[in-house]
Amino acid sequence: RREEKRREEKRREEKRREEKRRMEREKQAKTKKRERYVFSLGFDLFKPVILSLILAYLCTFPPSFLPPSVLSALSIPDMVRGVRCDHFDVSHSRDIELSSGGDLRLLSYNLFLRPPLVPPHNRHDHKAERLDLFARDYLHAYDIVFLQEYFTAFTPQRRWKLNRVAKEGGFKAVVGPPAYSRVANKCAVDGGTIIVSRLPLLSSSSIVFEQGVFTDRLAAKGVVYARLKAPGRAGEQGGVVHAFNTHLQASYVFDKEGVAEKVRASQLQSLIAFVKETTADLPSAPIILAGDFNIDARASATDGNSDGAEYRQMLDMFEQGGLKLRDVKAEVGEKEKKGEKHAVTFADVVGEGEAARPRDTTLTSPDEWGLQQSLDFIFLVERKEGGKGKGEGKGKRKEAE
């Protein structure tokens with residue numbers, strides 16, 4: 001019996017050891033699985049950054065073992081940093097074909113395509129789907145398109161896609177974003193402003209504003225300029241169109257001291273100087289200025305027929321700088337009686353009074369729901385000779401018209 005008891009204890013001891021070894025193996029397996037999951041999650045998060053850095057290295061130091069076709073493709077656009085203004089070769093292109101066959105059709109649109117790793121206001125901001133929809137259903141209907149927040153830093157595929165879709169749609173030029181340096185301009189991403197045009201590109205340039213405040217300091221916001229060849233009337237030679245696209249400092253609800261407004265005032269001064277400088281040699285040519293100014297033209301959320309204070313200040317600044325702004329959107333609202341003078345372009349609502357609800361809750365932050373602001377503009381700019389007062393240079397302007 002004693003022998004049998006010893007054997008029984010030995011079996012139990014072996015069973016306990018086996019159970020302990022099994023638990024150790026399971027613990028090790030769980031630890032390895034957790035480590036693999038953390039690594040996989042980190043790689044998924046930083047994959048766009050890693051791939052963009054690899055692409056940037058290949059663009060800067062292309063290895064000799066790559067095929068010539070790959071080398072040429074890498075050397076054409078510096079898409080990661082956004083330092084070049086690409087445009088299509090129009091030397092053998094067909095005659096200019098406008099979308100409407102006559103007048104120019106213009107569009108200024110903030111696409112809200114933010115860089116990767118920037119968390120959306122909601123669970124998903126559907127960047128890829130919205131870009132596909134815009135390229136398929138809207139882009140082809142216009143002749144000159146001014147895009148804002150089309151960030152291409154770390155996402156060069158966006159630039160490739162826009163180039164391809166624009167070329168297939170008969171556009172002649174894709175210009176922007178502003179050339180910048182991450183070191184000199186102290187920013188992480190490009191400015192996101194791009195001009196897409198059916199009119200051939202004659203020349204282009206850009207500037208980057210002084211560093212903004214809050215999260216805007218990360219973007220190289222500025223102005224993109226394109227000098228375009230305008231179609232002429234029957235039997236006449238075409239002229240030139242000056243096109244500018246900009247995106248100014250954004251406002252934030254926590255900014256109680258108006259810091260953002262002061263930054264915008266400084267940016268407007270730079271914008272005025274840039275417009276005057278680039279159009280000085282052809283002052284009589286049409287000047288189009290469009291973009292997201294982040295300046296509310298409405299007096300309040302419910303009053304869209306009166307001008308906001310900062311909007312009036314902007315008009316006065318341009319006037320003092322020798323430039324007069326004609327707000328196309330406001331003129332359409334007044335002449336054609338399409339609702340209010342200053343239509344809502346941001347944080348609109350559906351319904352009226354207590355029944356009003358936000359039109360968009362995916363891209364708009366909850367603290368901005370229902371603001372009903374008019375922030376986006378297309379201006380026709382008229383130069384005044386040397387910034388003189390009213391009445392001077394009137395005859396020349398009339399002749400230019």
Side-chain angles (χ1 to χ4, degrees), residues 108 110 112 114-115 118 146 148-149 151 177-193 206-225 244-278 289-301 303-304 306-325 327 329-330 342 344-347 364-365 367-368 371-379 381 387:
S108 178
N110 186 323
F112 201 63
R114 297 180 299 175
V118 177
F146 305 86
Q148 302 88 42
E149 293 201 30
F151 293 106
Y180 75 103
S181 165
R182 288 198 173 97
V183 177
N185 299 115
K186 301 177 182 178
C187 54
V189 299
D190 57 273
T193 47
S206 63
I207 61 169
V208 176
F209 295 136
E210 290 294 326
Q211 192 174 26
V213 293
F214 311 125
T215 55
D216 272 40
R217 67 172 55 249
L218 300 176
K221 286 189 171 183
V223 191
V224 174
Y225 166 66
F244 296 86
N245 186 16
T246 189
H247 190 186
L248 303 186
Q249 167 73 43
S251 296
Y252 295 85
V253 292
F254 55 80
D255 180 21
K256 305 301 182 184
E257 298 180 358
V259 177
E261 185 174 342
K262 296 175 183 176
V263 173
R264 281 194 295 271
S266 173
Q267 292 174 343
L268 285 173
Q269 294 290 358
S270 301
L271 172 60
I272 292 170
F274 184 61
V275 171
K276 293 178 67 177
E277 177 187 349
T278 50
L289 171 60
D292 181 351
F293 286 71
N294 279 309
I295 294 175
D296 192 6
R298 298 165 66 90
S300 66
D303 184 4
S306 302
D307 295 342
E310 190 177 358
Y311 177 78
R312 290 196 303 270
Q313 293 171 6
M314 175 178 66
L315 299 182
D316 291 340
M317 287 179 63
F318 273 84
E319 189 84 22
Q320 294 167 7
L323 303 173
K324 181 181 179 182
L325 297 182
D327 190 341
K329 179 163 56 69
H342 298 297
V344 175
T345 65
F346 175 72
T364 310
S365 175
D367 54 11
E368 295 172 330
L371 288 181
Q372 301 183 71
Q373 296 178 327
S374 182
L375 309 177
D376 307 86
F377 305 98
I378 297 178
F379 293 114
V381 186

Nearest non-hydrogen partners of [X] and [Y], listed with the distance:
{"X": "F377", "Y": "D327", "result": "CD2-OD2, 3.6 Å"}
{"X": "S206", "Y": "P178", "result": "OG-CA, 3.5 Å"}
{"X": "S108", "Y": "G291", "result": "OG-N, 3.4 Å"}
{"X": "P115", "Y": "V189", "result": "CG-CG1, 3.8 Å"}
{"X": "N110", "Y": "Q148", "result": "N-OE1, 3.4 Å"}
{"X": "R298", "Y": "Q372", "result": "NE-O, 3.1 Å"}

Would you compute the distance between atom [atom1] of [X] and atom [atom2] of [Y] and round it to the nearest 0.5 angstrom?
{"X": "Q211", "Y": "L218", "atom1": "CD", "atom2": "CG", "answer": "8.0 Å"}
{"X": "H342", "Y": "Y311", "atom1": "NE2", "atom2": "OH", "answer": "4.5 Å"}
{"X": "L271", "Y": "L248", "atom1": "CG", "atom2": "CG", "answer": "7.0 Å"}
{"X": "Y252", "Y": "T215", "atom1": "OH", "atom2": "OG1", "answer": "2.5 Å"}
{"X": "D296", "Y": "L375", "atom1": "CG", "atom2": "CG", "answer": "5.5 Å"}
{"X": "Q313", "Y": "R264", "atom1": "CD", "atom2": "CZ", "answer": "10.5 Å"}

Exercise for the section: Among F146, F318, F293, F244, find the one that has a ring pair (Phe, Tyr, Trp, His ring centres under 6.0 Å) with F379. Expected result: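 With F379 as partner, ring pair (Phe, Tyr, Trp, His ring centres under 6.0 Å) holds for just one option, F293.
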
Problem - With D307 via salt bridge (Lys or Arg N to Asp or Glu O under 4.0 Å) - residues at least two apart - result: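 Applying salt bridge (Lys or Arg N to Asp or Glu O under 4.0 Å) to D307 gives K341.
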
Keeping [X] on the side-chain end and [Y] on the backbone end, is there a donor-acceptor pair under 3.5 Å?
{"X": "S300", "Y": "D303", "result": "yes"}
{"X": "T246", "Y": "G222", "result": "yes"}
{"X": "K276", "Y": "G322", "result": "no"}

Problem - Pairwise salt bridge (charged side-chain N to carboxylate O under 4.0 Å, His left out) hits with a residue in residues 245-257, at least two apart - result: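 Listed once each, the pairs would be none.
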
Handout entry: Close side-chain approach of V213 to K262, heavy-atom, < 4.5 Å
Key =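 No, too far: nothing below the 4.5 Å cut-off.
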
Exercise for the section: For residues D216 and V263, determine if any side-chain heavy atom of one lies less than 4.5 Å from a side-chain heavy atom of the other. Expected result: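 They are not in side-chain contact.
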
Exercise for the section: Applying side chain to side chain donor-acceptor pair (under 3.5 Å), name anything that partners Q373, two or more places apart in sequence or on another chain. Expected result: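 If we apply the side chain to side chain donor-acceptor pair (under 3.5 Å) test to Q373, skipping adjacent residues, there are no hits.
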
Problem - Polar side chain donor-acceptor pair, Q249 to N294, under 3.5 angstrom - result: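 Absent: no donor and acceptor within the cut-off.
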
Handout entry: Verdict with reasoning, V275 to Y225, per side-chain contact (heavy atoms from CB on, under 4.5 Å)
Key = CA-CA 9 Å; V275 171; Y225 166 66; over 6 Å; no

Practice task
Quick one: do K329 and T345 satisfy side chain to side chain donor-acceptor pair (under 3.5 Å)? Show the steps, please.
Solution key: CA-CA 11 Å; K329 179 163 56 69; T345 65; 5.8 Å; no

